[in-house]
Student: 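This is the structure, below, for whatever I ask next.
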Amino acid sequence: MSDEKANNFDALRLIAALTVLASHAFPLSGDNRAEPILWLSGGQVSGGALAVTIFFVISGYLITRSFERGGSPATYVTNRALRLLPALVVALVLLSFVIGPVISSVSLSAYFRASGTYRFTYQTMSFIDFCPFLPGVFAHNPFRNVVDGSLWTLHFEVGCYVLVAVLGLFRLLDRYVS
């Protein structure tokens, strides 16, 4: 293993992912007050919020390195698109058109007639806004009808990709701030 790959980013990202899962279990169960990090911080920060911040800091570093190594802005954009889009498309199609209709509390015809079925997919794919709702899916959960709420970060992630590209094009990534 090269020295460059000998870091703990993967371990930190795994810990952050597990923290998000654990943190989200509390509000989904209806008892947000029992979340340990929220409790330890006196209600100032949840484990999920802390873990998302960790993800964004690590990702900022890794994405900047990706731009620096890419050779060209086109390579950077291609790499970011290939990293994000295939899994997102599969997840959205499965959620909207396979899992959603099976577990929805509304009829199959009502599900496919509802504009929310399609809004969930196209708004999330637009990276401008996130619509977390599918008709009748998780209708009895504490966060009614919310499906894959973690997708809310995508438009921030894509915005950061664009910011890194702009900074890189203006050669502002290779300057040290003192």
Side-chain angles (χ1 to χ4, degrees), residues 1 4-66 80 83-96 98-106 111 114 116-117 119-164 167 177:
M1 180 182 288
E4 193 166 302
K5 297 282 185 182
N7 57 54
N8 288 316
F9 285 141
D10 288 339
L12 289 171
R13 289 164 52 147
L14 176 62
I15 291 167
L18 294 173
T19 301
V20 167
L21 286 174
S23 177
H24 286 171
F26 292 94
L28 288 173
S29 72
D31 187 12
N32 196 36
R33 295 170 297 141
E35 200 261 295
I37 295 175
L38 187 66
W39 179 78
L40 287 170
S41 71
Q44 293 183 48
V45 67
S46 69
L50 181 61
V52 167
T53 301
I54 290 168
F55 273 121
F56 270 92
V57 169
I58 292 171
S59 292
Y61 172 77
L62 295 174
I63 297 308
T64 302
R65 296 282 295 154
S66 172
R80 295 297 96 222
R83 173 86 174 176
L84 184 64
L85 292 176
L88 179 61
V89 169
V90 169
L92 291 176
V93 167
L94 284 175
L95 287 170
S96 297
V98 178
I99 298 169
V102 171
I103 65 173
S104 178
S105 61
V106 301
Y111 180 87
T117 301
R119 188 179 316 116
F120 172 79
T121 304
Y122 73 76
Q123 272 190 240
T124 304
M125 284 296 299
S126 75
F127 302 117
I128 294 169
D129 196 11
F130 170 53
C131 175
F133 310 107
L134 282 173
V137 175
F138 303 131
H140 303 291
N141 281 6
F143 295 94
R144 295 185 51 175
N145 301 322
V146 173
V147 179
D148 204 348
S150 60
L151 293 174
W152 73 267
T153 63
L154 282 180
H155 67 277
F156 294 108
E157 183 176 344
V158 171
C160 289
Y161 291 169
V162 171
L163 179 62
V164 167
L167 292 173
V177 177

Student: Quick one: do Ser66 and Arg80 satisfy side chain to side chain contact (heavy atoms under 4.5 Å, CB included)? Show the steps, please.
Tutor: CA-CA 9 Å; Ser66 172; Arg80 295 297 96 222; 3.5 Å; yes
Student: Quick one: CD on Gln44 to CG on Leu50, what's the gap to the nearest 0.5 Å?
Tutor: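 One finds 12.0 Å between CD of Gln44 and CG of Leu50.
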Student: Indicate the atoms forming the closest heavy-atom contact of Phe9 with Leu62, along with that distance.
Tutor: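 Minimum heavy-atom contact is CD1-CD2, 4.0 Å.
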Student: Are Leu92 and Phe120 side-chain neighbours, meaning at least one heavy-atom pair lies under 4.5 Å?
Tutor: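 A side-chain contact under 4.5 Å exists here.
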Student: Please identify each residue that fulfils side chain to side chain contact (heavy atoms under 4.5 Å, CB included) with Ala91, with sequence neighbours left out.
Tutor: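 Partners of Ala91 by the side chain to side chain contact (heavy atoms under 4.5 Å, CB included) criterion come out as none, since no residue qualifies.
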Student: Would you find a donor on one side and an acceptor on the other, under 3.5 Å apart, between the side chain of Ser29 and the backbone of Phe26?
Tutor: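 Such a contact is found between Ser29 side chain and Phe26 backbone.
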Student: Which residues satisfy the ring-ring contact (aromatic ring centres under 6.0 Å, His included) test with Phe156, sequence neighbours excluded?
Tutor: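 For Phe156 the ring-ring contact (aromatic ring centres under 6.0 Å, His included) partners, ignoring immediate neighbours, are Trp152.
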Student: Is it true that a side-chain atom of Thr124 and a backbone atom of Thr121 form a donor plus acceptor pair closer than 3.5 Å?
Tutor: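 Checking the backbone N and O of Thr121 against the side chain of Thr124, no donor-acceptor pair under 3.5 Å is found.
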Student: Do Leu134 and Ile99 have side-chain heavy atoms sitting under 4.5 Å apart?
Tutor: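 Not touching, per the 4.5 Å side-chain cut-off.
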Student: Going by heavy atoms in the side chains, are Arg13 and Ile58 under 4.5 Å from each other?
Tutor: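 Of all side-chain heavy-atom pairs linking Ile58 with Arg13, at least one is under 4.5 Å.
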Student: Taking C-beta and beyond as the side chain, do Val20 and Ser150 meet within less than 4.5 Å on heavy atoms?
Tutor: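 Val20 vs Ser150: side chains apart.
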Student: Does any non-hydrogen side-chain atom of Phe127 lie less than 4.5 Å from one of Leu88?
Tutor: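 Of all side-chain heavy-atom pairs linking Phe127 with Leu88, at least one is under 4.5 Å.
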Student: Measure across Pro135 and Ser104 and return the closest heavy-atom pair with its distance rounded to 0.1 Å.
Tutor: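 Closest approach of Pro135 to Ser104, heavy atoms only: O-OG, 2.6 Å.
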Student: Short question: side chain of Thr117, backbone of Tyr111 - any donor-acceptor pair under 3.5 Å?
Tutor: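 At least one qualifying donor-acceptor pair exists.
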Student: Apply side chain to side chain contact (heavy atoms under 4.5 Å, CB included) to Tyr61 and Arg65, showing your working.
Tutor: CA-CA 6 Å; Tyr61 172 77; Arg65 296 282 295 154; 3.8 Å; yes
Student: Take Leu167 and Thr64 through the side chain to side chain contact (heavy atoms under 4.5 Å, CB included) test and state the conclusion after the steps.
Tutor: CA-CA 10 Å; Leu167 292 173; Thr64 302; over 6 Å; no
Student: Determine whether a donor-acceptor pair (N or O, by modelled atom type, separation under 3.5 Å) exists between the side chain of Ser46 and the backbone of Leu38.
Tutor: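 The answer is no, because no donor-acceptor pair under 3.5 Å joins these two groups.
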Student: Can you give me the closest heavy-atom contact between Pro101 and Leu95, atom names plus distance?
Tutor: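 Here Pro101 and Leu95 meet closest at CD-O, 4.4 Å.
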Student: Could you tell me whether a side-chain N or O of Gln123 sits under 3.5 Å from a main-chain N or O of Ile128, the two making a donor and an acceptor?
Tutor: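 Pair absent, no side-chain N/O of Gln123 close to backbone of Ile128.
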